Protein chains: 2
Amino acid sequence: MRPDPSNGQTGETRQTYDQKLEFVLQRAAEVFAERGFHRASIRDLARATGMSLAGHYYYFQSKNEALFRICEHVLRLILEIFEERAKAIDDPLERLRLLVLTHLEISLSHMREMKVLSHEAESLRGEYLARIRQTKKRYYDSLVSILREIRGDRRGNGRELRLAAMTLFGSMNWIYTWYRPEVDGDAKRLTDVMLGIFLRGFLGGDGAPARRAGRTPRHRSR
Amino acid sequence: MRPDPSNGQTGETRQTYDQKLEFVLQRAAEVFAERGFHRASIRDLARATGMSLAGHYYYFQSKNEALFRICEHVLRLILEIFEERAKAIDDPLERLRLLVLTHLEISLSHMREMKVLSHEAESLRGEYLARIRQTKKRYYDSLVSILREIRGDRRGNGRELRLAAMTLFGSMNWIYTWYRPEVDGDAKRLTDVMLGIFLRGFLGGDGAPARRAGRTPRHRSR
DNA sequence: TAGGTATTCGAACGTTCGTTCGAATCCTTG
DNA sequence: CAAGGATTCGAACGAACGTTCGAATACCTA
């Protein structure tokens, strides 16, 4: 039904079905990221791909399936690259660094897909939503188990690890709202800064805040 | 055209126009937060308020104006409460704590409005978008100037302060995706944890990460 | 109680949406 | 060149959308 060879788009080179599917989903991610999933129409997508409206239904059964594939793809991309890289690493600190670095690298190279994932995935339904949540949970569990290993069992219950994990995820997943490549540097730099802040805080912390570094005057001095 | 007294909704007590407007916008925030702004219809809102579809246009001129009012309201709420509280405080560390505490308190008490603000505000257009961005920028500038005061001029250029500010905003604004009151505690506890992590990291940091706390074995020990 | 304003409503308009379907076209294979 | 599957398309469908408008109702004041 879907053999390898098929025609190209602009006549440049031949494309397989899978290559064209990837092309369509990439454009879809751009359109969904820019206009928002529900406001973006298949007609907008058609304008972005150069194909006809109806032609897209050869590559996905519904608009929701397109959304699901975009989210699933970038989520698995992060998870699989991280797990592959982390195979040979035992030090939990280094594993944490790998997780953050991978997350940020993919975030910058697939910013539109990540925006779609963060913004629109939870509006999926049924099986689609269940599978995305399952993969998210696998990723979340990875982070928590690393944090537990770093902190050891000496203190910190599950609730504090949960808060720490969510704090870190929040910092990383917020990036698409503010990142500008010419100002903010590459993934390595972001990793240094964010992990630097998080790690010192997490390692030095016992749940109590690092307050009162100086006196606390109750009046304004100037 | 719009005098004070008007009729109530369920016949319980009298409502002023402003009270009913507030009621409508609150329900709208719930509907927008649950279904997403573009997927939610005025008919959904009508179901939530008990009013007719057309009746809502007595309280706003368009669906976009309703969105704008929700975002503007909760954003100004945070900013004004923080500025009022911070009036009498001079210590920048204490001011930072007030900013985080206020942000988290409002986030928990107005979670749906905050979700709408985080999720949908950037899809506004024209004057609405400009005003929201302006208020956001005022808020952002407040945080950066506090951070600059804390760190002093001895190191850290504007770019690092920007990254630190965005890191903190990310942690706080991500809350609506995971917060469960029975597990995660109140705003005070969240403030202690998040500010604890951030402050130790920010104070101790010089841009380089806190890496290599132990050795870094390249093989798995078990 | 009468008049007027504030508030609410039913019904409809024009537009846009996701999706379908049968026909047309392309491309590979024999 | 002929056949057949792979791919693309134009056209249309019913549904849902935001918004409008004139009429109806509720309420306050005189």
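These numbers come from a predicted model, not from an experiment. Sequence lines set the chain letters: A, B, ... in the order given, protein chains first and strands last, and positions in each chain run from 1.
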Partners passing ring-ring contact (aromatic ring centres under 6.0 Å, His included) against A:Phe68 (at least two apart in sequence or in another chain): A:Tyr128
Hits for side chain to side chain contact (heavy atoms under 4.5 Å, CB included) against A:Ala29, two or more places apart or cross-chain, chain-then-number order -> A:Ile70, A:Glu113
Give every residue pair that meets the salt bridge (charged side-chain N to carboxylate O under 4.0 Å, His left out) criterion with at least one member in residues 169-188 of chain A, sequence neighbours excluded. A:Asp184-B:Arg162
Whole angstroms only, please: what is the NE2-P distance between A:His56 and D:dC9? 9 Å
Under 4.0 angstrom between B:Lys20 side-chain N/O and C:dT8 OP1 or OP2: yes
side-chain hydrogen bond (donor to acceptor under 3.5 Å, both in side chains) assessment of B:Ser171 paired with A:Ser171: CA-CA 5 Å; B:Ser171 297; A:Ser171 297; 2.8 Å; yes
Identify the pairs formed between an N or O of the protein and an N or O of nucleotides 16-19 of chain C at a distance under 3.5 Å, and give each distance.
| unit_1 | atom_1 | unit_2 | atom_2 | d |
| --- | --- | --- | --- | --- |
| C:dG18 | OP1 | A:Ala40 | O | 3.3 |
| C:dG18 | OP1 | A:Lys63 | NZ | 2.6 |
| C:dG18 | OP2 | A:Ile42 | N | 3.0 |
| C:dG18 | N7 | A:Arg43 | NH1 | 3.0 |
| C:dG18 | O6 | A:Arg43 | NH2 | 3.0 |
| C:dT19 | OP2 | A:Tyr57 | OH | 2.8 |
| C:dT19 | OP2 | A:Lys63 | N | 2.9 |

With sequence neighbours excluded, residues passing side-chain hydrogen bond (donor to acceptor under 3.5 Å, both in side chains) with B:Thr177: B:Trp174
Check nucleotides 22-25 of chain C against the protein and report each pair of N or O atoms closer than 3.5 Å, with its distance, or say if there are none.
none

Residues two or more places apart in sequence or in another chain: which of them pass side chain to side chain contact (heavy atoms under 4.5 Å, CB included) with A:Ala46? A:His56
Rounded to whole Å, how long is the line connecting atom OH of B:Tyr17 with atom C1' of C:dT8? 13 Å
Listed by chain and number, what are the salt bridge (Lys or Arg N to Asp or Glu O under 4.0 Å) partners of B:Arg131, not counting sequence neighbours? B:Glu72
Calculate the interatomic distance between B:Leu21 atom CG and C:dT8 atom P; express it in whole Å. 11 Å
In short, salt bridge (charged side-chain N to carboxylate O under 4.0 Å, His left out) pairs touching residues 45-60 of chain B with sequence neighbours left out are B:Asp44-B:Arg47
Over how many whole Å does the gap from A:Tyr58 atom OH to D:dT8 atom P extend? 7 Å
Can you classify the ring geometry of B:His119 versus B:Tyr176 as parallel (below 30°), tilted (30 to 60°) or perpendicular (above 60°)? perpendicular
Listed in order of residue number, which residues of residues 115-122 of chain B have a non-hydrogen atom at under 4.0 Å from DNA chain D? none
Please report the distance, rounded to the nearest Å, between CD in A:Glu65 and P in C:dT20. 12 Å
Between CD of A:Gln15 and C1' of D:dT8 the distance, given in whole Å, is 14 Å
Test: salt bridge (charged side-chain N to carboxylate O under 4.0 Å, His left out). Region: residues 136-147 of chain B. Which pairs qualify, not counting sequence neighbours? B:Glu83-B:Arg138, B:Glu122-B:Lys136, B:Lys137-B:Asp141
Run the side-chain donor-acceptor check on residues 98-105 of chain B: report pairs under 3.5 Å with partners two or more places apart or on a different chain.
| unit_1 | atom_1 | unit_2 | atom_2 | d |
| --- | --- | --- | --- | --- |
| B:Thr102 | OG1 | B:Arg85 | NH1 | 2.9 |
| B:Thr102 | OG1 | B:Leu98 | O | 2.7 |
| B:His103 | ND1 | B:Tyr139 | OH | 2.7 |
| B:His103 | NE2 | B:Asn173 | OD1 | 2.9 |
| B:Glu105 | OE1 | B:Arg85 | NH1 | 3.3 |
| B:Glu105 | OE1 | B:Arg85 | NH2 | 2.8 |

